[in-house]
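Keep in mind it's a predicted model, so treat the numbers as computed, not measured.
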Amino acid sequence: SSITLLRVRERMDDDFGGGVSGVSGAGGAHGGANVSASVAASLSGQGDARNWLIHLLYTRGEHDECLRLIEEQLQETKGMCEYALYVKALISRQRGSIQESLELFRSATILNPHNVSNLKQVARSLHLLGRHKNAIDVYDEAQRLVEEDWEIWRNKGVCHMYLKNFDQAIDAFQCANAIARHDATFMQL
């Protein structure tokens with residue numbers, strides 16, 4: 001809502017010395033509130049326009065406020081905001097709702113099937129649910145979009161380890177190391 005946007009904008013002004021709202025010098029708090037109100041008014045009703053605010057709240061760890069804004073965003077867009085779904089899924093997973101996060105990441109993937117980040121998060125949730133074969137299948141799908149991704153290879157290796165496919169796990173870890181050397185993959189080997 002406009003009030004939520006205004007409050008966050010004012011907090012940003014406080015945190016960053018008043019420079020965020022675009023008001024400096026004369027005008028003070030009232031000028032900042034007017035600019036914030038106009039920004040809030042211009043953002044309401046726009047599909048992805050609030051992604052910056054969702055991102056800010058998420059990175060600040062203000063998850064309850066972030067979820068309120070996400071719900072507003074999803075209602076306004078009829079569930080068609082990929083970023084709002086993605087962040088809601090991240091928060092759900094952090095709070096232990098792995099199945100809910102999986103469904104939300106899948107919804108984001110339906111909106112944008114070529115987004116590798118969405119696919120990797122679907123696979124990660126499947127892995128956390130113990131569905132390692134399904135996770136590998138999703139990682140394979142992601143690799144069709146981008147071949148040289150250390151994270152995909154490393155996570156595929158972990159899934160193969162859980163399935164006791166040790167030769168395939170070693171191959172995956174070696175492919176990951178060929179892309180980028182990380183302690184995580186060396187330790188797995």
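Minimum heavy-atom separation, Cys175 to Trp153: CB-CD2, 3.5 Å. When all heavy atoms are compared, the tightest approach of Asn51 to Cys81 is OD1-SG, 3.7 Å. Here the shortest heavy-atom pairing between Leu145 and Pro113 reads CD1-O, 3.8 Å. Looking at every heavy atom in both residues, Ala89 comes nearest to Ser101 through O-CB, 3.2 Å. Nearest heavy-atom pair, Ile98 versus Ser125, reported as atom, atom and distance to 0.1 Å: CG2-O, 3.6 Å. Closest non-hydrogen pair, Ile70 versus Lys88, comes out as CD1-N, 3.8 Å.
Tyr162 and Ile136 fall into different hydrophobic clusters, where Ile, Leu, Val, Met, Phe, Trp and Tyr residues are linked whenever their side-chain heavy atoms come under 4.5 Å apart, directly or through other members. Residue Leu119 is not grouped with residue Trp150 when hydrophobic side chains (ILVMFWY) are merged at heavy-atom distances under 4.5 angstrom, including chains of intermediate members. Note: the hydrophobic cluster containing Val138 also contains Val146 (ILVMFWY, side chain heavy atoms under 4.5 Å, direct or indirect links).
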| task | Mind running side-chain hydrogen bond (donor to acceptor under 3.5 Å, both in side chains) on Asp149 and Gln143 for me, showing each step along the way? | result | CA-CA 8 Å; Asp149 188 308; Gln143 280 184 315; over 6 Å; no
| request: Show your working on side chain to side chain contact (heavy atoms under 4.5 Å, CB included) between Ile152 and Val116 and close with a plain yes or no. | output: CA-CA 10 Å; Ile152 292 173; Val116 175; 4.2 Å; yes
| request: Could you give me the CA-CA distance, side-chain angles and deciding distance for Phe105 and Arg124, then say whether side chain to side chain contact (heavy atoms under 4.5 Å, CB included) is met? | output: CA-CA 10 Å; Phe105 284 127; Arg124 178 75 180 145; over 6 Å; no
| message | Please evaluate residues Leu104 and Tyr86 with respect to the criterion side chain to side chain contact (heavy atoms under 4.5 Å, CB included), reporting the C-alpha separation (whole Å), side-chain torsions for both, the decisive distance (0.1 Å), and the verdict. | response | CA-CA 7 Å; Leu104 290 165; Tyr86 185 89; over 6 Å; no
| request: Step by step, work out the side-chain hydrogen bond (donor to acceptor under 3.5 Å, both in side chains) result for Tyr139 and Asn155. | output: CA-CA 8 Å; Tyr139 283 127; Asn155 290 343; 3.2 Å; yes
| task | Test Leu85 against Asn118 for side chain to side chain contact (heavy atoms under 4.5 Å, CB included), laying out the working first. | result | CA-CA 10 Å; Leu85 289 168; Asn118 289 341; over 6 Å; no
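Looking only at side-chain heavy atoms (C-beta outward), Gln94 and Tyr58 come within less than 4.5 Å of each other. For the pair Gln73/Tyr83, no side-chain contact is recorded, criterion being any heavy-atom separation below 4.5 Å from C-beta on. For the pair Arg93 and Glu100, the minimum side-chain heavy-atom distance is 4.5 Å or more. Here the side chains of Val87 and His55 are not in contact, with every heavy-atom distance at 4.5 Å or above. Using a 4.5 Å heavy-atom threshold, the side chains of Leu90 and Gln121 count as touching.
Between Asp140 and Arg144 there is no salt bridge, since no side-chain N of the basic residue sits under 4.0 Å from a carboxylate O of the acidic one. Under 4.0 Å is where a charged nitrogen must lie from a carboxylate oxygen, and between Glu65 and Arg60 no such pair does. The pair Arg106-Glu103 counts as a salt bridge, with a side-chain nitrogen and a carboxylate oxygen less than 4.0 angstrom apart. Between Arg95 and Asp64 a salt bridge is recorded (basic side-chain N to carboxylate O distance below 4.0 Å).
Screening Asn112, Thr109, Thr77 against Glu82 for a side-chain hydrogen bond (donor to acceptor under 3.5 Å, both in side chains) leaves a single residue, Asn112.
Between the side chain of Asn165 and the main chain of Gln168, no donor-acceptor pair closer than 3.5 Å is present.
Distance check: Ile54 CD1 to Glu72 CD gives 9.5 Å after rounding to the nearest 0.5 Å. Residue Leu56 holds its CG atom at 14.5 Å from CZ of Arg50, rounded to the nearest 0.5 Å. Atoms CG and CG, from Asp171 and Asp167 in turn, are 7.0 Å apart once rounded to the nearest 0.5 Å. Taking CG of Leu163 as the reference point, atom NE2 of His132 lies at 6.0 Å (rounded to 0.5 Å). To the nearest 0.5 Å, atoms CD (Glu151) and CD1 (Ile179) are separated by 11.0 Å.
Heavy atoms of other residues, nucleotides or ligands lying less than 6.0 angstrom from CD of Glu71 number more than 12. Remark: Met80 CE is loosely packed, at most 12 non-hydrogen atoms of other residues, nucleotides or ligands lying under 6.0 Å away.
Between Phe166 and His160, the distance from one ring center to the other does not fall under 6.0 angstrom.
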